[in-house]
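One structure below.
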Amino acid sequence: MPEAVKTEPGNGREVAFVGRSLRKTYVTGETEVHALRGVDLDIMAGEILVLLGPSGSGKSTLLNIVGGLDRPTSGELWYRDTELTALDEADLTRFRRSSIGFIFQFYNLIPSLTAEENVRLVTDIAENPMSAKEALELVGLGDRRHHFPAQLSGGEQQRVAVARAVAKRPGVLLCDEPTGALDSATGVRVLETLAEANRELGTTLILITHNAGIAAMADRVFNFLDGQIASIETNENRISASEMTW
Amino acid sequence: MVRALDTKLLRDLWRLRGQALAIGLVIGAAMATFVMALGVHHSLTQTRDAYYDRYQYGDIFVSMTRAPRSIVQRIEAVDGVAIAEGRIEQFATLEFADRIEPVRALINSVGADGESKLNRLVLAEGRGPVIDKANEVVIDKAFADANDLDLGARIDAVVYGSRTRLEVVGIGLAPDYIWSIAPGELIPDASRYGIFWMGEKALEAASGRTGAINALSLKLERGASEDEVVRHVDAIVAQYGGTGAVGREDHMSNAFLTSELDQLEAMTTIIPPIFLLVSTFLVYVVLGRTIRTEREEIGLMKAFGYGNWAIGWHYLKFAIAVALIGILMGSALGWWMGLSMTEQYAEYYRFPFLYYQVAPNVFATGAALAFGSAGIGAIGGVRAAAALTPAVAMSAPPPPIYRAGLVEKFGQWADISAVGNMIIRHIARWPGRSAVTVSGVALSLALLFATIQFIDGSRAMLDNYFFRAQRQDISVAFIEPQNEKVLFELASMPGVLRVEPARAVPVVMRNGALSERVGIEAAEIDDRLSARVDANGFEVPLPASGLMLSRPLAEKLDLAPGDRAEVELLGGRQTKTTLTVASIIDELIGTRAYARSEALSRLTRDGTPVGSANLLIDPLYRDQLITELSDMPLVLGITERDAAMQLFEEIIEENIMAMMGFYIAFAAAIAVGVVYNSARILFSERAHELATMRVLGYHRSEVGIVLLGELALLVVVAVPVGCLTGYFLAQLMVAMFSSDLFRLPFAPDRSSYGFAALVVLAAASATALIVARRVARLDMVRVLKARD
Ligand SMILES: Nc1ncnc2c1ncn2[C@@H]1O[C@H](COP(=O)(O)OP(=O)(O)OP(=O)(O)O)[C@@H](O)[C@H]1O
Ligand SMILES: [Mg+2]
């Protein structure tokens, strides 16, 4: 594992991800799109990291690579002792299964499964999960667990997605605009739950948002521009999710 | 405007090419069987009619013991008779140096140079026999081919008790022998039975019938009544031992050909409709799915001003294009299969020429049926597309609503895994489509089973006839009924263990206005070498008195046990009597009647003479016995049970096994078409969910289970449904394929269900696995960006 570049104070935490010279180039016909142009990063275990930046600047691309959904065109990426960029398809799947919880803008629930069953979809294959019921209680939906997605509001569906993501007690939670489709109050609820998972379980939380206000809850903020991390801000005193409004 | 839509159509076809092709395959199978069966039917009918017409096939046939040649003029004078011609038909035993098994020939007399007015000889090679040259014969082509006989070949023969050496001067065939079988045999065997033609004067001399004939055939005047003429002819020939005149439909050669043609026709009414039904379902399902996913495009098009008609027509064209693929593939395949099948028929039915042509209207009808069934399948979807208003269409499609229904409650109660619930609930969410998959796969299994069980039926018939009903090793037919003395003579031959007499008495049986020609078979209650066995293989005892009739005969004459039948002896004396019907037997072969010899003696008044004898022999003496029997002048023919059985087996192997590949391919086509389409639809519907599962950390194989599990569940349900459907379909086909001449029993072996299930399961699994490979290509990233 390459020596972590301690650019910023990590509060003495361990390093979760180390990335070096990460590039992602999409080739479509004649044109090449450089989604990532040589990104170096260190992500500390247990930190809350927010990725900010204009549309098309490469945030989702990075998040997907970090989560093992996609591979960089070049560069290397480590998660703790594992070189993710060297893993094959099956090992990458195993990595996602054991370590990563995803939350997306569009909740991606299975419509034919109840809230509880959607969570069970993950707990069925996780190593040391909490029970589906427990996870739903964590997001305040214990009494709605037999409801199908179609019977839940958007915010409730997103909370089911959060419950599904945290139920396996993942080392890392990756959220791509988790509040993008929600109103402010509901968004805050969701963020509170995510922060709680970070606090209680020590989960590393990486969050993409267009909402600069949300950055206030982060330990650090990566500002993306044109496929690169343009700047890194460190919040000396971050605020709790419940204090946020937008 | 139309251009843009047509471009879309081509794009759709290309995008759905796999599915379009899979449906095309099923439609193609329908088209192929249709074109093949009707094409062969048409070709054989044309060939037959041309043959009959050009070579003057007779309208009525009659044989008698012996009549003066002058009788021909009397017959020709009958009202309605255009041409009458008499001839001699004489059996001969042939001797081939290297062969022990008996070979026979039926020699027909012909005029000078092989010419005759009716049933004219077609020379394939050589020339006609000189009218009075005793040793010149023309032999039939099948016999020549089977025995490797060329022009100039010499054949040692015993004709009417005297030994001669025949010379083959020609090889030919005739319209009254398109199909022929040696008397007493069950299966034609060209290597052991030949049709010969000899000059009239020569045969008269050789058969001791100078100035006499024993067979007549005649041609009717246009519009003449066959029944009338038959009645007149019967009256004239009665005193010469006439055995009853028959029209073409009862003349053996034509009767067999006709029953074959009827079976081909029956085939077109059963098999193509099954394929078409499945293709209708498939078009319905695929188009329905396409239209659901294209709601927005439809809305957009309508907003742009496309009318309902234009949009409906656009989707209908998709169905038409798919049908067209099937029609083209099926036409070519059907044409080619028809050709090879016609050629196969030509091995059993001898024609001097073969017209193979499929009439344009066969293609047209098949195409119309294919377009029709695809169109019917399209109607539901097309109407749905037309009914969408732009506003509704462009709003997001109503998501599939799942709520706590029975299936959902069951899943929770039974504590089924999340993946298990995904599978079960999806099936329940789309009951119509699930039913299409189940019934499609079931039909493919049913069709395969229904076709292969004919092999079991043939085997059962073989077993029934050769093992249960016939227990002799050899049966010996005599030139004319013999005195009982002959039995002692046979019994005293070395190696003969048991001798039992047999005889069939030709009669006309009547019940009121109904009448039927039949040979009543004489038997004894204590016979051990022959038995009457019903379709289920059970022996039915001979009644102590009265008649036992086979069911088809009883039905034709409307006779039931206890009824009295009027029986008139044919040939020789025309004695009449009435006999009581004692019992009815369900048999597989022919229309037959049985009685004890004693009951018949009242009719024949000649004691109990012997027409043939059944022998049980010591196999060590077989060769010697056959040689000795062949040398006996009174012996007409010798049939060995084992040889006949083997021949039968060979025919089953050759014919049915040759078709086996087609049956399997066609059944598999249905299974592939159905499973491929359900799998593709399933995959496209669930792609989003499957990608989500991959994101959540499910391996490809685990995600594949969602897809394969649903299909497997449906296919597993389809297997018993298919077996049950096959059970009924097979019986329907057995009934439709049975003729007066014989019918196959419905006696499927259990392994046939298993075999059909295996083939269908293999086709289904292979197809599903091919589609499941797409799981590996799921793009997790893209799917997360989109909202379903
Ligand atoms: N599959 C792809 N093929 C081609 N180009 C792509 C593909 N995926 C992403 N890109 C391009 O890569 C660049 C980065 O995309 P990315 O999705 O990471 O942006 P983003 O920062 O997440 O934007 P947003 O805030 O709008 O979600 C964009 O220019 C995008 O067009
Ligand atoms: Mg993004």
Side-chain angles (χ1 to χ4, degrees), chain A residues 24 26 35 60-61 63-65 67-71 89-114 116-127 132 145-151 161 164-165 167-168 170 174 176-177 180-181, chain B residues 396-405 407-409 411-430 682 685-703 705-706 710 775-788:
Chain A
K24 181 75 181 180
Y26 293 105
S60 296
T61 304
L63 196 79
N64 291 337
I65 290 173
L69 293 180
D70 207 351
R71 293 167 186 282
E89 177 59 38
D91 283 332
L92 219 47
T93 304
R94 238 165 261 134
F95 162 68
R96 289 200 301 274
R97 178 189 287 218
S98 61
S99 307
I100 305 290
F102 283 104
I103 295 156
F104 307 97
Q105 182 178 3
F106 308 111
Y107 332 115
N108 286 304
L109 298 178
I110 309 288
S112 60
L113 298 181
T114 60
E116 183 173 4
E117 288 158 352
N118 263 288
V119 179
R120 275 188 52 196
L121 200 55
V122 163
T123 59
D124 278 352
I125 58 168
E127 261 165 39
R145 64 181 200 273
H146 293 317
H147 285 177
F148 286 89
Q151 297 165 309
R164 183 175 67 181
K168 67 170 141 185
L174 303 177
D176 197 340
E177 299 183 47
Chain B
I401 302 293
Y402 288 89
R403 36 180 107 258
V407 181
E408 285 74 16
K409 290 213 175 99
Q412 287 168 2
W413 169 79
D415 198 25
I416 293 173
S417 72
V419 170
N421 273 320
M422 285 178 75
I423 293 173
I424 296 172
R425 289 176 194 169
H426 195 260
I427 291 177
R429 177 65 187 72
W430 300 102
L682 190 56
E685 263 173 8
R686 301 211 102 159
H688 194 84
E689 293 174 25
L690 300 183
T692 303
M693 288 177 70
R694 291 280 288 131
V695 170
L696 295 179
Y698 277 80
H699 288 289
R700 284 172 183 168
S701 53
E702 292 166 329
V703 168
I705 284 174
V706 177
E710 177 167 343
V775 168
R777 283 189 257 148
L778 278 173
D779 186 341
M780 288 178 276
V781 175
R782 193 171 63 190
V783 106
L784 296 174
K785 285 184 186 157
R787 175 188 216 123
D788 192 32

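Order of the sequence lines sets the chain letters (A, B, ...), proteins ahead of strands, with each chain counted from 1.
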Which bit of Thr692(B) is near chain A, if near means a heavy-atom gap under 4.5 Å: side chain, backbone, both or neither?
side chain
Looking at Val122(A), Asp176(A), Leu121(A), Leu69(A), which one has more heavy-atom pairs under 4.5 Å with chain B than the rest?
Leu121(A)
Is it the case that the side chain of Lys168(A) and the backbone of Ile100(A) share a donor-acceptor pair, with hydrogens and angles ignored and the cut-off at 3.5 Å?
yes
Heavy-atom cut-off 4.5 Å, strictly under: side chain, backbone, both or neither for Arg94(A) against chain B?
both
Should the pair Arg425(B)-Glu117(A) be classified as a salt bridge under the 4.0 Å nitrogen-to-oxygen rule?
yes
Does any backbone or side-chain atom of Arg700(B) lie under 4.5 Å from a heavy atom of chain A? Answer side chain, backbone, both or neither.
side chain
Among Ile125(A), Asn64(A), Asp124(A), residue most engaged with chain B (heavy-atom pairs, under 4.5 Å)
Ile125(A)
Contact part of Gln105(A) toward chain B, heavy-atom cut-off under 4.5 Å: side chain, backbone, both or neither?
neither
For the residue pair Arg120(A) and Ser417(B), confirm or rule out a side-chain donor-acceptor distance under 3.5 Å.
no
Give the intermediate values and the outcome of side-chain contact (heavy atoms from CB on, under 4.5 Å) for residues Met780(B) and Arg96(A).
CA-CA 12 Å; Met780(B) 288 178 276; Arg96(A) 289 200 301 274; 3.6 Å; yes
Distance, nearest 0.5 Å, that separates CG of Leu92(A) from CZ of Arg97(A)
13.0 Å
